[in-house]
> 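Handing you a structure now.
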Amino acid sequence: MGAQDRRGDLSDKDADFSAYMSARQPALYRTAYLLAGDHAGAEDLLQTAFAKLYLSWDRIRDREALDGYVRRIMVNENNSLWRRAWKRREHATDTMPETGALDTYDDGMGGVLWSFVQTLPPKQRSVVVLRYYEQLSEAEIADVLGISVGTVKSQASRALAALRARAPHSLHPHESGDDSR
């Protein structure tokens, strides 16, 4: 293969990758934000995922599975960040956080429920993000995370129990027993 052929292959690869990245970046950024919990972390997570995807681009035959592949990279990267000693979840601020309030739909960009989701362990958080924010099925989540469907169910169950325990009573009034509907 000559130098001209290699340049042609490289430019085709770059064009294909750029087209995919441009088309999917907004949706994948949302997943990255939900996993990382902040914009800077989401940008780093997505950038790392795209860099790893680019390195593997030629080996990926099933182009329909690209989003799942990128999600898997992001979940793995996010989980490995949690293991690093220097990674801390505390952030200094001059203002006190607001007290709880009843939220409506939570798109993951703010709200009381999201503050509770951020406290979950990495695996439970990954399952919650992929299931309830990304609307993936249990089978799809199992595939993305490389775990069994039963593990997805148990992680989701534990996560929901933890969220119910942490959430103020006003966020789940239907459990009080006086359902006046």
> Kindly compute the distance separating CD (Gln124) from OG1 (Thr119), expressed to the nearest 0.5 Å.
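Spacing of CD (Gln124) from OG1 (Thr119) equals 9.5 Å.
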
> Between Ser22 and Ala19, is there a donor-acceptor pair closer than 3.5 Å when you use the side chain of the first and the backbone of the second?
no

> With heavy-atom distances below 4.5 Å as the criterion, would you say the side chains of Tyr133 and Arg30 are in contact?
yes

> Are Lys123 and Ile147 packed together at the side-chain level, in the sense that at least one heavy-atom pair is separated by less than 4.5 angstrom?
no

> First locate atom CD of Gln25, then atom OH of Tyr20, and finally report the distance between them rounded to the nearest 0.5 Å.
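Gln25 atom CD to Tyr20 atom OH measures 10.5 Å (nearest 0.5 Å).
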
> Where is the tightest heavy-atom contact between Ser126 and Leu145, given as atom of each residue plus distance?
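Closest heavy-atom pair between Ser126 and Leu145: CB-CD2, 4.3 Å.
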
> Please check if the side chain of Ser56 supplies one atom and the backbone of Arg59 the other of a donor-acceptor pair under 3.5 Å.
no

> Nearest 0.5 Å please: distance from the OG atom of Ser80 over to the CG atom of Asn78.
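So the OG of Ser80 and the CG of Asn78 are separated by 8.0 Å.
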
> Evaluate the side-chain proximity of Tyr33 to Leu45: yes if any heavy-atom separation is below 4.5 Å, no if none is.
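A side-chain contact is absent here, since even the closest heavy-atom pair is not under 4.5 Å.
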
> What I'd like to find out is whether the side chain of Gln155 reaches to under 4.5 Å of the side chain of Ile141, using heavy atoms alone.
no

> Going through the distances and angles, do Trp57 and Leu66 end up as a side chain to side chain contact (heavy atoms under 4.5 Å, CB included)?
CA-CA 9 Å; Trp57 190 257; Leu66 284 171; 3.7 Å; yes

> Which heavy atom of Leu163 sits nearest a heavy atom of Val117, and at what distance?
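So the minimum-distance heavy-atom pair works out to CD2-N, 3.7 Å.
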
> Looking only at heavy atoms, which two atoms of Glu43 and Tyr29 are closest? And how far apart?
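Taking every non-hydrogen atom into account, CG-CE1, 3.8 Å.
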
> Measuring only between side-chain heavy atoms, which start at C-beta, is Phe50 closer than 4.5 Å to Leu28?
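A side-chain contact exists here, since the closest heavy-atom pair is under 4.5 Å.
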
> Checking Arg24 now: which residues fulfil salt bridge (charged side-chain N to carboxylate O under 4.0 Å, His left out) with it, not counting sequence neighbours?
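With sequence neighbours excluded, Arg24 shows a salt bridge (charged side-chain N to carboxylate O under 4.0 Å, His left out) to Asp67, given in chain and number order.
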
> Determine, using the 4.5 Å side-chain heavy-atom cutoff (strictly less than), whether Ile60 and Phe17 are members of one ILVMFWY cluster.
yes

> On a heavy-atom basis, which atom in Arg72 and which in Asp143 lie closest, and how many Å separate them?
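Taking every non-hydrogen atom into account, NH1-O, 3.6 Å.
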
> Listed by chain and number, what are the salt bridge (charged side-chain N to carboxylate O under 4.0 Å, His left out) partners of Glu140, not counting sequence neighbours?
none

> Roughly how far, to the nearest 0.5 Å, is the CD atom of Gln118 from the CG atom of Asp38?
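Here the rounded value is 8.0 Å.
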
> Of all the heavy-atom pairs spanning Ala42 and Ala36, show the shortest one and how long it is.
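For Ala42 versus Ala36, the nearest heavy atoms are N-CB, 3.6 Å.
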
> Go through the steps to decide whether Val129 and Arg125 satisfy the test side chain to side chain contact (heavy atoms under 4.5 Å, CB included), and finish with yes or no.
CA-CA 6 Å; Val129 165; Arg125 182 175 176 175; 4.3 Å; yes

> Please report the shortest heavy-atom distance between Ser148 and Ala142, naming the atom on each side.
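Looking at all heavy atoms of both residues, the shortest contact is C-CB, 3.8 Å.
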
> Between atom CZ of Arg71 and atom CD1 of Ile73, what is the distance when rounded to the nearest 0.5 Å?
12.0 Å

> Within 45° of the ring axis of Tyr54 and under 6.0 Å from its six-membered ring centre, is that where the NZ or CZ of Lys13 lies?
yes

> Any side-chain heavy atom of Leu130 within less than 4.5 Å of one from Val152?
no

